[in-house]
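In what follows, a single structure is set out as structure tokens and then discussed.
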Amino acid sequence: MDKPVVAISRCLLGERVRYDAELKHFPELVEFVRARFTLIEICPEVEIGLSTPRPPVRLVQQEDQLQILGRDDPTLDITAAMQTYCEHRATQLDSIHGYIFKCRSPSCGVTDTPIFNEHGEILHYASGMFAQRMLQQYPQLPITDEESLITAKQRDDFAQQVKRYQQKLST
């Protein structure tokens with residue numbers, strides 16, 4: 001059987017795609033994923049055309065609406081661009097077998113992204129906009145983040161989940 005296909009946040013591979021252009025490199029994780037999976041590298045912010053570096057953004061809840069607004073300049077609103085991206089990109093990923101997201105990201109956090117009110121206070125934690133779309137589109141897809149892949153056992157467990165999902169799709 002071919003290597004499973006796993007999508008991964010590009011910043012986890014040591015690419016300078018973060019808003020602050022800093023490296024977030026995880027050598028053990030990179031070695032693990034490159035040895036076991038065929039990778040699709042994704043950065044939603046870069047793919048919607050944002051530069052590196054760029055102004056930081058965060059998820060803001062205003063009434064029933066979730067928006068991605070500038071942290072320092074709330075007039076910066078990338079919500080519509082990200083929603084369009086989420087709709088199109090998620091459907092293109094129907095053949096992947098797993099996804100490794102960047103924690104706490106407004107687009108990629110799995111469960112730990114802070115959701116702010118308009119006054120900058122944290123209301124609660126949830127998934128980033130793109131991660132949420134992927135969770136809705138593919139509820140059985142093995143999805144995790146780098147903080148859930150710290151130990152060898154966690155990485156091996158994820159690899160087994162991915163293999164089982166791949167086998168399920170091929171039958």
Side-chain angles (χ1 to χ4, degrees), residues 1-19 22-48 50 52 57-59 61 66 68 78 81-115 122-171:
M1 186 176 278
D2 291 334
K3 278 185 176 182
V5 178
V6 170
I8 186 168
S9 294
R10 286 176 55 191
C11 59
L12 298 176
L13 299 172
E15 294 187 34
R16 289 189 189 274
V17 294
R18 289 175 40 87
Y19 75 95
E22 286 188 16
L23 289 179
K24 288 288 184 179
H25 189 60
F26 301 88
E28 287 182 23
L29 177 61
V30 171
E31 181 181 324
F32 166 78
V33 296
R34 291 203 189 281
R36 287 168 182 77
F37 308 124
T38 299
L39 300 179
I40 297 176
E41 302 172 15
I42 296 175
C43 177
E45 290 92 350
V46 169
E47 291 182 25
I48 66 169
L50 298 179
T52 302
V57 295
R58 62 183 175 189
L59 289 172
Q61 184 79 45
L66 190 62
I68 302 181
I78 64 165
M82 186 59 72
Q83 288 171 334
T84 299
Y85 172 84
C86 290
E87 292 299 317
H88 291 104
R89 191 65 167 127
T91 60
Q92 295 171 348
L93 296 172
D94 62 344
S95 62
I96 67 171
H97 305 112
Y99 206 123
I100 303 170
F101 283 106
K102 174 69 183 103
C103 66
R104 292 182 291 283
S105 161
S107 59
C108 294
V110 179
T111 59
D112 57 2
T113 300
I115 309 298
I122 296 175
L123 297 173
H124 57 91
Y125 294 85
S127 298
M129 196 171 281
F130 184 59
Q132 180 61 37
R133 179 69 177 127
M134 290 298 295
L135 288 162
Q136 290 170 345
Q137 182 97 16
Y138 307 105
Q140 303 301 313
L141 182 72
I143 289 178
T144 192
D145 63 35
E146 80 280 10
E147 290 188 348
S148 298
L149 297 174
I150 293 172
T151 69
K153 180 176 181 350
Q154 289 171 320
R155 291 187 296 269
D156 288 340
D157 288 348
F158 178 71
Q160 290 303 313
Q161 292 172 8
V162 169
K163 278 234 181 264
R164 283 193 298 273
Y165 188 80
Q166 180 188 29
Q167 290 169 345
K168 180 180 159 185
L169 287 185
S170 65
T171 59

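If you check the side chains of Gln160 and Arg164, you find no donor sitting under 3.5 Å from an acceptor. Between the side chains of Tyr19 and Glu45, no donor-acceptor pair of N or O atoms lies under 3.5 Å.
The line from CZ of Arg18 to OG of Ser9 is 11.0 Å long, rounded to the nearest 0.5 Å. Of the inter-residue distances, the one linking Lys3 atom NZ with Gln166 atom CD reads 11.5 Å to the nearest 0.5 angstrom. Once rounded to the nearest 0.5 Å, the distance linking SG of Cys43 with CD1 of Ile8 reads 12.5 Å. Residue Phe101 holds its CZ atom at 15.0 Å from CD of Glu147, rounded to the nearest 0.5 Å. Taken to the nearest 0.5 Å, the CD1 atom of Ile42 stands 12.0 Å off from the SG atom of Cys11. With rounding to the nearest 0.5 angstrom, the CG atom of Asp156 is 10.5 Å from the CG atom of Leu149.
Without hydrogens or angle criteria, Thr84 side chain to Ala81 main chain gives no donor-acceptor distance under 3.5 Å. Between the Ser107 side chain and the Gly128 main chain, no donor and acceptor come within less than 3.5 Å of each other. Gln154 places a side-chain N or O within donor-acceptor distance of the main-chain N or O of Ile150, the cut-off being under 3.5 Å. In this structure, the side chain of Asp112 does not engage the main chain of Cys103 through any donor-acceptor pair within 3.5 Å.
When side chains are defined from C-beta on, Gln140 counts as touching Lys168, because their heavy atoms get closer than 4.5 Å. Between Ile122 and Ile115, the closest side-chain pair of non-hydrogen atoms is not below 4.5 Å. Between Glu15 and Val46 there is no side-chain heavy-atom pair separated by less than 4.5 Å. Using a 4.5 Å heavy-atom cutoff, the side chains of Met82 and Pro44 are in contact. Counting heavy atoms from C-beta outward, Val5 and Val162 have side chains that stay 4.5 Å or more apart. Residues Val6 and Ile96 fail the side-chain proximity criterion, which asks for heavy atoms closer than 4.5 Å. Residues Leu23 and Arg16 are in side-chain contact: their nearest non-hydrogen atoms beyond the backbone lie under 4.5 Å apart. Ile100 has its side chain within reach of Phe158: a pair of non-hydrogen atoms, C-beta onward, lies under 4.5 Å apart.
Summarising the geometry of Gln61 relative to Leu66, their closest heavy-atom pair is OE1-CD1, 3.7 Å, with the distance given to 0.1 Å. Here the shortest heavy-atom pairing between Cys86 and Phe130 reads SG-CA, 3.5 Å. Of all the heavy atoms in Val30 and Leu12, the pair that sits closest is CG2-O, 3.5 Å.
Using a 4.0 Å cut-off between charged side-chain N and carboxylate O, Glu146 and Lys24 make no salt bridge.
For Tyr99 and Tyr138, the ring centers sit 6.0 Å or farther from each other.
Within a 6.0 Å radius of NE2 in His124, more than 12 heavy atoms belonging to other residues, nucleotides or ligands are found.
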